[in-house]
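For reference, the structure discussed in these notes is given below.
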Amino acid sequence: MRFDLLALSAFAPLVAAHGAVTSYIIGGTTYPGYEGFSPASSPKTIQFQWPNYDPTMTVSDAKMRCNGGTSAQLSATVQAGSNVTAVWKQWTHEQGPVQVWLFKCPGAFGSSCKGDGKGWFKIDEMGMWGGKLNSANWGTALIVKNLKWSSEIPRNLAPGNYLIRHELLALHQANTPQFYAECAQIVVQGSGSAVPPSDYLYSIPTYAPQNDPGVTVDIYSSKATTYTPPGGRVWSGFQL
């Protein structure tokens with residue numbers, strides 16, 4: 001029995017970390033997300049349907065993009081300059097960055113808009129503040145507290161069909177980075193024309209190497225006092 005308890009306790013941090021975006025609030029309307037463990041009871045949703053909320057452990061895994069999801073039945077309209085709020089039912093780990101990405105679809109949602117190619121760009125991120133890695137001064141700590149994250153759609157963003165991707169990177173286990181990402185379909189309305197230049201565009205998976213310091217950092221042994229999330233910066237040309 002002691003062996004079993006030790007084995008379970010070793011596995012518990014991985015289990016406890018599990019979480020996923022389960023709904024979105026856009027323009028005062030709540031859009032339910034996908035219920036991965038009870039798909040038969042899941043309503044039609046704007047969210048790509050994911051098989052589970054187990055972590056993705058390597059940056060090259062196909063699940064890095066949208067947690068294995070590839071399609072959704074609905075989309076939500078959002079005005080440029082307004083917020084998209086993602087909601088989690090549970091999240092327990094305070095150390096790690098939050099990143100929010102967009103991908104502009106070449107046309108209609110469906111088979112032509114799965115996030116393929118070098119078209120993903122950030123609109124929001126929060127890493128660490130306060131100079132101490134082993135602390136609660138992280139973006140994910142705010143999700144532990146609030147179970148939601150709001151991001152403004154840039155006011156000057158070109159209108160069109162987009163995928164929005166919320167990513168949490170849990171860094172609480174040394175040398176075991178855990179990615180959690182979900183995607184949803186949104187239709188951005190507005191009169192803007194802004195599109196990030198090519199050096200702000202990335203492919204997902206592999207938007208960063210596995211040995212990126214933002215992925216491999218050991219929050220317990222590192223003496224670093226700053227942290228840079230993987231995957232480049234938010235383009236300064238966005239009006240936020």
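The chain is numbered in sequence order, starting from 1.
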Looking at [X] and [Y], what are the two nearest heavy atoms and their distance?
{"X": "G190", "Y": "P159", "value": "O-CG, 3.5 Å"}
{"X": "A174", "Y": "D218", "value": "CB-OD2, 3.5 Å"}
{"X": "T56", "Y": "K63", "value": "OG1-CB, 3.5 Å"}

Query raised in the report: Is there a donor-acceptor pair closer than 3.5 Å between any side-chain N or O of N156 and the backbone N or O of A194?
Result: no
Requested in this report: May I ask you to decide if L133's main-chain N or O and W138's side chain share a donor-acceptor pair within less than 3.5 Å?
Outcome: yes
Report task. Please indicate whether K148 has more than 12 foreign heavy atoms, meaning atoms of other residues, nucleotides or ligands, lying under 6.0 Å from its NZ. Result -> no
Report task. Just say parallel, tilted or perpendicular for the rings of Y202 and W101, cut-offs at 30° and 60°. Result -> perpendicular
Query raised in the report: What orientation do Y180 and W91 show, parallel under 30°, tilted 30 to 60°, or perpendicular over 60°?
Result: perpendicular
Query raised in the report: Without hydrogens or angle criteria, can the side chains of E182 and Q47 be said to hold a donor-acceptor pair below 3.5 Å?
Result: no
Query - Stepwise ring-ring contact (aromatic ring centres under 6.0 Å, His included) test for F238 and Y200 - result: CA-CA 12 Å; F238 280 140; Y200 285 84; 8.7 Å; no
Query raised in the report: In chain order, what residues pass the side-chain hydrogen bond (donor to acceptor under 3.5 Å, both in side chains) check against E167, with sequence neighbours excluded?
Result: Q99, R165, Y207
Requested in this report: Output all residues satisfying side-chain hydrogen bond (donor to acceptor under 3.5 Å, both in side chains) with K89, sequence neighbours left out; order by chain, then residue number.
Outcome: E35
